[in-house]
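Contents: one structure, followed by commentary.
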Amino acid sequence: MTKIRLHNSRTRRKEEFRPLEKKNVRMYVCGPTVYDRAHLGNARPVVVFDILFRLLREVFGADYVTYARNFTDIDDKINARSVATGRTISSITEETITWYLEDMRALSALNPNLMPRATLYVLQMIEMSKDLIEKGHAYVEQGHVLFDVNSCPDYGVLSGRALEDMIAGARVEIAPYKRNPLDFVLWKPSIDETPGWDSPWGFGRPGWHIECSAMVQEHFGENFDIHGGGNDLIFPHHENEIAQSKCANPGSTFAQFWIHNEMLQVEGKKMSKSLGNFFTVRDLLNDGTPGEVVRFVLLSTHYGKPMDWTQKKAREATLTLLKWHKMVKNASPALLDDEILQCVANDLNTPGALARMHELAKAGSVDLLLRAGQFLGLFSPNEHWWLPEEPDSEAKVKIEALLVSRNKAKVDGNFLKADLIRTQLKDAGVEVVDDAGGLSRAIFTDAFDPGKIK
C-alpha cells in the first residue's frame with residue numbers, strides 16, 4: 001500500500017499517516033460561515049482538502065473514507081446581515097449554502113460525505129457544555145458559559161505558544177466576567193431579536209468553537225484521523241477545539257493529524273476590498289475564467305506555502321489546459337501513473353504532480369495524462385470551455401456565402417480565387433473539406449475566430 005506522508009501541524013514535522021482504522025478513515029475540515037459568497041481565499045482549503053480526500057479514497061478505498069465539512073450557520077455576522085437586509089436568517093444561510101456548493105462544484109471539488117449544519121447540533125453543544133462544567137473545565141458567569149483554560153494543562157499544544165504570549169495581541173474577547181482573558185465562550189445569552197435556544201443558563205446561543213467539537217464528536221467519536229483548515233484557524237479556533245474536546249473526553253487524542261494550508265494573496269498583495277483586489281469565486285467564473293483554470297492555479301503552489309494568484313498564472317494555466325484537453329479528448333484512462341500518486345502522497349505535492357503531467361504530455365502518453373488529470377480533479381466531463389467557439393448566425397451566413405463563392409469559382413475554373421477563399425477561412429480557424437461531389441463544407445477548429453470572417 002502506498003505510504004502517505006503529511007506535515008502534522010501538531011508535531012511540526014512530516015509524518016507517515018496511519019489511520020486509526022484502515023476501513024474507517026475520518027477527516028473533518030472547518031467549512032464556511034454562510035452569509036456571503038465564497039472568495040478566492042475560501043476556495044484554497046476546499047481544493048487542498050479535496051486533493052487529500054481523493055488521495056485517501058485512492059489508497060484506502062472510497063467506501064472506507066468519510067470526509068466531513070461543516071457549515072457554520074450560527075454566527076453574529078449572519079445575524080448582522082439579517083438585520084441589515086431585513087431577510088430571515090434561514091433564507092440567507094440557505095441561499096449562501098446553495099451558492100457555495102455551486103461555486104465549489106465549478107472548481108471540480110467533490111462533495112464531502114457529511115456536511116453538518118451547526119443549527120442541527122445545538123442540543124449536543126449544550127450537553128458538551130454541561131459536561132465540561134461538571135468536570136471542572138467550565139464555569140457560568142452572567143449568563144455565559146466559559147471554558148477555563150487554566151484547567152487544561154496542555155493548552156497551547158497546537159500553536160506552540162505560552163499563555164502569556166497568546167494573551168498579548170490575541171484575537172480574544174476581553175470581558176469582565178472572564179477569569180482569564182483567554183477563557184472562551186461555550187454559550188452566551190441572546191437578547192432582543194438575536195436568535196437563540198433554551199438552555200440551563202437561559203435563552204442563548206453557542207460560541208463558535210464548541211460547534212465543531214460537538215459535530216465532530218457526534219459523527220466521529222472521541223478520536224479520529226485528520227482535522228484540517230486554513231492556518232488562520234490554528235489560534236484560537238483549533239486550539240480551543242482541542243482543549244474542550246480533550247477535557248470532555250479524558251484520555252482522548254482528538255485528531256491524530258492537523259493539516260493547515262497557507263493563505264492566499266493577489267498579485268503579491270493581501271486580498272482586501274480597500275485595495276480593490278478582492279473577488280469571489282463567482283466573480284472569476286462570471287468574468288470568463290473557467291473553474292478548471294482556477295483549480296489548476298491553486299494546485300500549482302504547495303498548500304504549505306503562501307499562494308499568489310496572478311493573471312499571468314491564469315493565462316498560462318489556460319494555455320496548458322487547452323493543449324492537454326486537445327491531447328486527451330479521444331483517450332481512455334489508464335492506471336494511475338505511480339509518479340503522480342507518489343507526488344501527491346508526499347505531503348500533497350501538487351506542483352510536482354503537475355510537473356509530471358507536463359512530462360507525460362511531452363512523451364505523448366495521453367492515456368496516463370488523462371488519468372492523472374482526473375485524479376487531480378481536472379478534465380471533468382462537464383467542462384466544455386475549451387471546445388471551439390460555435391459560430392453565431394451572422395458568421396454562419398458569411399461562411400456559407402464564401403463556400404458558395406468558392407464552389408462557383410471552381411466550376412468557373414477560377415482556382416486562384418477558390419484557393420484564396422480556402423486560405424481566408426483557414427486563417428479564421430475554419431478547415432474547408434471537399435466532398436465526393438466536389439462541394440465544400442466547413443469544419444470549425446479550436447482556433448476558430450469569427451472576427452476574421454470578412
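Note that these values count all heavy atoms, side chains included, but never hydrogens, waters or copies made by symmetry.
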For this session: Show the numbers, then the answer: is there a side chain to side chain contact (heavy atoms under 4.5 Å, CB included) between Ile259 and Met27?
Result: CA-CA 10 Å; Ile259 314 295; Met27 177 172 71; over 6 Å; no
Heavy-atom side-chain contact between [X] and [Y] under 4.5 Å:
X: Thr2; Y: Gln342; result: yes
X: Ile242; Y: Trp258; result: yes
X: Phe60; Y: Ile4; result: yes
X: Leu55; Y: Leu341; result: yes
X: Trp309; Y: Val297; result: yes
X: Pro306; Y: Met263; result: no
X: Tyr67; Y: Leu52; result: no
X: Leu158; Y: Ser9; result: yes

For this session: Evaluate the side chain to side chain contact (heavy atoms under 4.5 Å, CB included) criterion for residues Phe375 and Asp337: first the C-alpha distance (whole Å), next the side-chain angles of each, then the deciding distance (0.1 Å), finally the verdict.
Result: CA-CA 10 Å; Phe375 175 56; Asp337 177 69; over 6 Å; no
Carboxylate-amine/guanidinium contact [X] [Y], below 4.0 Å:
X: Asp367; Y: Arg371; value: no
X: Arg295; Y: Glu292; value: no
X: Glu102; Y: Arg105; value: no
X: Arg26; Y: Glu21; value: yes
X: Glu94; Y: Arg117; value: yes

Please confirm whether the backbone N or O of [Y] pairs with a side-chain atom of [X], one donor and one acceptor, at under 3.5 Å?
X: Tyr100; Y: Gly31; value: no
X: Lys313; Y: Asp308; value: yes
X: Thr253; Y: Gln256; value: no
X: Asp154; Y: Val157; value: no
X: Ser82; Y: Arg87; value: yes
X: Asn8; Y: Arg13; value: no
X: Lys178; Y: Asp183; value: yes
X: Ser108; Y: Leu378; value: no

Between [atom1] of [X] and [atom2] of [Y], what distance do you get to the nearest 0.5 Å?
X: Met271; Y: Leu40; atom1: CE; atom2: CG; result: 5.5 Å
X: Arg12; Y: His7; atom1: CZ; atom2: NE2; result: 8.5 Å
X: His302; Y: Asn349; atom1: NE2; atom2: CG; result: 6.0 Å
X: Asn277; Y: Lys270; atom1: CG; atom2: NZ; result: 10.5 Å
X: Asn231; Y: Ser159; atom1: CG; atom2: OG; result: 12.5 Å
X: Gln124; Y: Ser213; atom1: CD; atom2: OG; result: 12.5 Å

Problem set entry | side chain to side chain donor-acceptor pair (under 3.5 Å) partner of Arg37, the single match among Asn42, Asp103, Thr96, Thr280 | Asp103
Any idea which heavy atoms bring [X] and [Y] closest together, and the distance?
X: Phe379; Y: Gln374; value: CD1-N, 4.2 Å
X: Leu298; Y: Leu264; value: CD2-CD1, 3.8 Å
X: Ile126; Y: Pro200; value: CG2-CD, 3.8 Å
X: Ala331; Y: Leu370; value: O-CD2, 3.5 Å
X: Ala353; Y: Ile340; value: O-CD1, 3.2 Å
X: Asn24; Y: Asp225; value: O-OD2, 3.6 Å

Exercise. Which of these passes ring-ring contact (aromatic ring centres under 6.0 Å, His included) with Tyr28: His227, His219, His238?
Worked result: His227
Do other residues, nucleotides or ligands put more than 12 heavy atoms under 6.0 Å from [X] [atom1]?
X: Lys135; atom1: NZ; result: yes
X: Leu319; atom1: CG; result: yes
X: Tyr64; atom1: OH; result: no
X: Leu120; atom1: CG; result: yes

Exercise. Lys130 and Glu127: salt bridge (Lys or Arg N to Asp or Glu O under 4.0 Å), yes or no, with the steps?
Worked result: CA-CA 5 Å; Lys130 288 169 58 179; Glu127 289 301 314; 3.5 Å; yes
Exercise. Distance only, no hydrogens: is a donor on one side chain within 3.5 Å (strictly under) of an acceptor on the other, for Asp347 and Tyr303?
Worked result: yes
Exercise. Looking just at side-chain N and O atoms, do Asn79 and Tyr35 make a donor-acceptor pair shorter than 3.5 Å?
Worked result: no
For this session: With Arg69 as the cation and Phe49 as the aromatic partner, state whether NZ or CZ is under 6.0 Å from the six-membered ring centre and within 45° of the axis.
Result: no
For this session: Check side-chain contact (heavy atoms from CB on, under 4.5 Å) between His209 and all other residues, then give those that pass, not counting sequence neighbours.
Result: Phe184, Pro236, His237, Asn240, Gln244
Seminar exercise, completed: side-chain contact (heavy atoms from CB on, under 4.5 Å) filter on Arg315, not counting sequence neighbours, yields Gln311, Lys312
Exercise. Please walk me through it: do Arg205 and Asp76 pass salt bridge (Lys or Arg N to Asp or Glu O under 4.0 Å)?
Worked result: CA-CA 10 Å; Arg205 60 198 190 279; Asp76 289 344; 3.0 Å; yes
For this session: Please test Tyr121 against Glu218 for side chain to side chain contact (heavy atoms under 4.5 Å, CB included), starting from the C-alpha separation and ending with a verdict.
Result: CA-CA 9 Å; Tyr121 297 83; Glu218 180 70 14; 3.7 Å; yes
Exercise. Going through the distances and angles, do Arg356 and Glu359 end up as a salt bridge (Lys or Arg N to Asp or Glu O under 4.0 Å)?
Worked result: CA-CA 5 Å; Arg356 174 59 178 164; Glu359 293 176 357; 3.0 Å; yes
For this session: Start with the C-alpha distance between Leu284 and Val293, add both sets of side-chain angles, then the distance that settles side chain to side chain contact (heavy atoms under 4.5 Å, CB included), and finish with yes or no.
Result: CA-CA 10 Å; Leu284 283 174; Val293 170; over 6 Å; no
Problem set entry | ring pair (Phe, Tyr, Trp, His ring centres under 6.0 Å) between Phe254 and Phe224, worked out | CA-CA 6 Å; Phe254 197 49; Phe224 62 106; 5.1 Å; yes
